[in-house]
Amino acid sequence: MTITDKLRTPTDGPPARRRRPPASTGVYVVKVVGLTLIAATLVSVLPTVVATGQWGFLAVFVAVAALLVAVYSTRRAVPAKYLVPGVTMLLLFLVYPIMLTFQLSTTNYGDGTRSSRSEAITRIVGTSAVQVPGGAVYSLVVGTQGTPTAGPFAFFLVDTQTDQVFRGTQTELTELGPSEVTVADGTVAAADGWTMLTRQQVNAISGADQPLDGFTVPAGDNAVIKVQGFQAITMRTPLVYDKKADTITNTDTGAVYHPERSSSGDRSFFVDADGNRLSNQSWGENVGAFNYERIFTDSRITGPFLSIFLWTVVFATASVGLTFFLGLGLAVVLNDPRLRFQRFYRSALVLPYAIPGFISLMVWSGFWNQRFGLVNQMLGLDVNWLGQTWSARVAVILTNLWMGFPYMFLVCTGALQSIPSELKEAAAIDGASGFTQFRKITFPLLLVSVAPLLVAAFAFNFNNFNAIQLLTRGGPFSSDNPTAGGTDILISYTYRLAFGTGGQQIGFASAVSVVLFVLTGAIAAVQFRATRFLEDVN
């Protein structure tokens with residue numbers, strides 16, 4: 001029998017459970033308002049998500065909302081109240097974009113392939129249509145169940161001869177009764193569950209590769225209803241799509257077209273037995289690892305890749321090294337308490353960091369100009385800084401030094417002030433000089449705090465697209481290789497390949513992003529591993 005059992009009388013019951021104090025009114029109000037906003041957001045996005053068929057996004061959104069309600073509607077699960085926000089943000093803004101980018105990298109999504117296979121077939125069939133003699137003419141209004149730019153869309157048609165009202169999608173034509181729509185001045189003014197677009201909104205989505213490009217409504221007997229001006233007319237197409245055989249047949253000529261992957265390997269077209277294309281219209285599809293194979297097999301990419309990779313490493317290393325040592329030197333000088341106007345000097349040195357980066361880069365682009373640039377005028381030179389590879393690289397590194405040293409100055413200043421002064425005093429008593437104190441005590445202890453930030457700064461400059469694009473645009477370029485510039489780093493080089501060759505290749509760009517993500521992560525991991533020796537210093 002324990003001491004507690006001896007002291008407890010037979011009438012004593014189990015120890016009373018400690019009750020939590022009631023929540024204050026303010027906390028309760030904040031909780032109710034927060035949960036109400038979550039529910040309102042879910043309800044507001046639900047119609048659009050359902051209309052566009054984004055079921056995966058809906059499932060994730062509902063799961064996150066249910067998790068937040070379950071955690072914060074109860075007084076239990078206290079650890080989860082602190083963990084859920086951070087984990088949710090990590091999943092939504094880091095893990096999910098990475099997964100989405102990887103998924104996109106396995107497709108051929110881009111200019112000319114933004115539509116689905118069914119939409120592409122509808123456009124191919126629709127563009128071959130010719131007007132039917134004596135065919136029906138309709139007044140036309142475009143409606144949407146989603147946004148004015150994303151849809152889904154439908155044609156609301158009123159027959160100018162019979163006043164019959166129809167709703168047409170790319171798959172069917174449905175006649176509507178008087179109770180379903182409101183007709184005014186011969187056109188549909190309103191319909192249940194639909195929003196009618198203005199002519200300006202319709203014009204904005206009717207261009208090439210836009211949602212209404214090639215939009216047609218099937219009308220039976222190889223006929224379709226197609227837009228003509230602000231009306232719609234009945235047209236006949238000789239093309240018939242066989243869903244089972246996955247072929248398109250021209251009923252006038254008897255030619256049969258089947259889908260076939262093009263020689264480039266990134267898109268498919270309908271071709272006949274002789275390889276002649278029915279149309280240049282392609283569609284989005286899964287291409288597997290093709291984009292990754294292209295990165296490592298396309299001679300345009302692999303040819304200058306090594307030299308650009310080496311310059312990227314040099315650029316990132318020089319940017320981090322120079323900014324760090326300049327910032328450290330200024331921080332050490334201004335850390336002396338005997339220095340007058342210390343705060344003024346520190347504030348002045350932070351000014352380049354306070355100016356938006358894109359403004360600084362555009363200003364420095366003018367400074368390096370050969371004719372009227374500030375650098376040549378001050379130094380009395382006539383150097384074409386941005387027109388030669390070596391001078392352009394020097395200009396890029398010096399500009400990045402100007403933009404980056406204030407950050408390192410702030411970091412080193414904070415790290416220096418966190419080092420105990422007793423250590424330096426003890427070293428001074430032992431006879432160590434000022435330089436020896438800095439080399440043996442100050443610098444190693446400073447690296448303990450600053451080393452992870454140096455790794456992060458290297459990863460940032462490894463993909464510092466703005467510094468290259470806004471200052472030199474990757475140039476100068478040679479006539480032998482107009483694709484790879486003298487100051488191109490990997491991210492700017494692959495950006496030009498993906499977006500600057502006559503059309504956007506989003507799938508390919510996503511594959512490049514994944515490769516750069518893995519490459520940067522591997523380099524950062526090696527760097528972090530190399531800083532383990534600082535644990536002994538700490």
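Note that these values count all heavy atoms, side chains included, but never hydrogens, waters or copies made by symmetry.
With sequence neighbours excluded, the residues forming a salt bridge (Lys or Arg N to Asp or Glu O under 4.0 Å) with Arg338 are Asp336, listed by chain and number. Taking the salt bridge (Lys or Arg N to Asp or Glu O under 4.0 Å) definition, one finds that Glu285 meets it with Arg261, sequence neighbours left out. Evaluation of the ring pair (Phe, Tyr, Trp, His ring centres under 6.0 Å) rule for Tyr72 yields no partner, not counting sequence neighbours. Listed by chain and number, the residues in a side-chain hydrogen bond (donor to acceptor under 3.5 Å, both in side chains) with Thr323 amount to none (sequence neighbours excluded).
In this structure, CD1 in Ile491 is found 10.0 Å from CZ in Phe462, a value given to the nearest 0.5 Å.
Annotation for Phe438 and Leu328: closest pair CZ-CD2, 4.0 Å, computed over non-hydrogen atoms. Summarising the geometry of Phe153 relative to Val142, their closest heavy-atom pair is CD2-CG1, 4.1 Å, with the distance given to 0.1 Å.
A distance-only check finds a donor-acceptor pair linking the side chain of Asn291 to the backbone of Thr107 [under 3.5 Å].
A salt bridge links Arg496 with Asp488; the closest basic N to acidic carboxylate O contact falls under 4.0 Å.
The local environment of NZ in Lys81 is crowded, with over 12 non-hydrogen atoms from other residues, nucleotides or ligands closer than 6.0 Å.
Contacts classified as side-chain hydrogen bond (donor to acceptor under 3.5 Å, both in side chains) and involving residues 346-359 (residues at least two apart or in different chains) are not found. The side-chain hydrogen bond (donor to acceptor under 3.5 Å, both in side chains) pairs that include a residue from residues 409-422 number zero, where partners must be two or more places apart or lie in different chains.
Counting only N and O atoms by type, the side chains of Thr472 and Thr487 include a donor and acceptor under 3.5 Å apart.
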